[in-house]
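Accompanying notes for the structure given below.
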2 protein chains.
Amino acid sequence: MAAGPDMIADPPRFEQVQPVRLYERIVEQIEAAVARGELRPGERLPSERELVVQFGTSRATVREALRVLESAGLVRSRPGDPRGPEVLQIGVDSLRRPLERLAGAARLSLAQLVVSRMMLDSTANQLAAGLRTEEQLAWIEQAVEVMRTALEEGQDAFSKADMTFHEVIMSIAGNPLIQLGHTAVRDTVLALISDTISDADDSRAVMQRSLTHHEEVLDAIRAGDGVRAARASRRSLYEYYAASVTADERAALEAMLLG
Amino acid sequence: MAAGPDMIADPPRFEQVQPVRLYERIVEQIEAAVARGELRPGERLPSERELVVQFGTSRATVREALRVLESAGLVRSRPGDPRGPEVLQIGVDSLRRPLERLAGAARLSLAQLVVSRMMLDSTANQLAAGLRTEEQLAWIEQAVEVMRTALEEGQDAFSKADMTFHEVIMSIAGNPLIQLGHTAVRDTVLALISDTISDADDSRAVMQRSLTHHEEVLDAIRAGDGVRAARASRRSLYEYYAASVTADERAALEAMLLG
DNA sequence: TTGTATTTGTTCGTATGTATC
DNA sequence: GGATACATACGAACAAATACA
């Protein structure tokens, strides 16, 4: 095979090459082991000194890898624990910090977050309306009942009851991805607007309206009407947040109202 | 003030206390500085040795903090650079790895992933239908045109054109959160079923149907009919995946079809 | 272009406080 | 309570890589 200039048909597409740090290789290996299920939550990693032997690096390098995994919420190491670092159960908290960073860097606007909540909430309601059993319907009814009583007890109790309501819905919808996304987005929204709305002196009226919206959702789910349940949650969120977003961002919220 | 047992009115609610690592404090401070805008993307952090002086810790501790920030995509340090670690522009990619970890650890079923895709796709279509400009409409039309020609060129070209179509839609929808979720879920789905479907010998017919569905979406977006655009994508995904999920899981997919 | 100084990547040794048996 | 093994944190050192004169 003689190689000539005209033999080069495909221009070589080279990838940019970057130095791979040792600690990254360690992170990859441990991460892969967790992903493959070889390391289950509650199990222990070998001690740092043991890892030094297995990976053939220094202690500092192993520790850098462990700090990265720790900040990602995958492991936790405690001084003096002879059993070694613990593999943790992965949860929403692993998404919360990155999400908040993203929102804080102004790459995510409140409107974008609210649109996401409209999507997640309405989908969960639609699924719940279609999949609920009679027993699960009773759970929702009880959650609404708790909200009614909490209305008298003040804002904290009401917002807690509201959270419970949505957790019940999410569990019935049966989709962990939607559930996790919902709590992550909700937390981010709360961190973003903090108490802009909760400071309103007409909080009683706001809570009353919120309760009415939840009762509408309950009605729709009871009737098995997923479309109506989805619409109710979208409108509720729109009412609540529309005044807090800029005019041009509101177009996206309004586009979500259809259907 | 004499202290007696009856003086204790409020029962002391103590929070569980956990050891705070030095590197965490450093991460917090740098993170806060970035969030406050004191450190803009492109700017440089002091060198490691300088940070050692400013924080009053050892270099290993500073390095652990830098590795955590690096893995989070906030900074990048290169050997030999006397200007110090670079502050990076935060992007959606910072959410990708946590999301993939979560999807992998949550043992998501194909049905749950497909439901999520129905949610994300249909929402993006609805937003695009309501927000598109004339120019953006032309982008979509061009993407569909590319799919038509790719139909003749085989499966790889077609699936690539399909990806481009969705990327265009996502960019018009203007919600990075939805966009990110979409690519993450799509990648996970592909990793799950690998080539179960692509090995079908009637791939030509499958591609043809897919093209028809995309044309339906285009029509609806052209007409500004968000509801129809959303419905089209849900039905397309249902048709494509319904046969691959178990019967009881199919109920969730069918619940998503309404609306 | 070459050389030099500085910085990061990595390693080793050590002291200290802590959890488990 | 003591012994052991562990993680935390510090300091010094060398090699490789980069920027700048």
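In what follows, chains are A, B, ... by sequence order, proteins preceding strands, each numbered from 1.
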Report summary line: Going 5' to 3' through nucleotides 9-21 of chain C and flagging B where a protein heavy-atom sits under 4.0 Å of the base, S where only the sugar-phosphate is that close, and - otherwise, we get BBB------BBS-
**Report entry** Boundaries of the DNA chain D segment in contact with chain A, non-hydrogen, under 4.0 Å
**Finding:** D/dC6 to D/dT8
Query raised in the report: Thinking salt bridges, do B/E24 and A/R67 make one under a 4.0 Å N-O criterion?
Result: no
Query raised in the report: Among all residues two or more places apart in sequence or in another chain, which pass the side chain to side chain donor-acceptor pair (under 3.5 Å) test with B/R96?
Result: B/E100, B/D187
Report task. Output all residues satisfying side chain to side chain donor-acceptor pair (under 3.5 Å) with B/T123, sequence neighbours left out; order by chain, then residue number. Result -> none
Report summary line: Residues passing the side chain to side chain contact (heavy atoms under 4.5 Å, CB included) test with B/E153, sequence neighbours excluded, are B/T149, B/A157
Query - C/dT1 - base-pair partner by Watson-Crick or wobble geometry, distances under 3.5 Å - result: none
Report task. Check side chain to side chain donor-acceptor pair (under 3.5 Å) between B/R132 and all other residues, then give those that pass, not counting sequence neighbours. Result -> B/E134
Query raised in the report: Considering residues at least two apart in sequence or located in another chain, which fulfil the side chain to side chain donor-acceptor pair (under 3.5 Å) criterion with B/Q29?
Result: none
Query raised in the report: Mind checking what makes side chain to side chain contact (heavy atoms under 4.5 Å, CB included) contact with A/P41, not counting sequence neighbours?
Result: A/Q89
Report task. With sequence neighbours left out, write down each residue that passes side chain to side chain contact (heavy atoms under 4.5 Å, CB included) with B/A72, or none if nothing qualifies. Result -> A/R101, B/L74
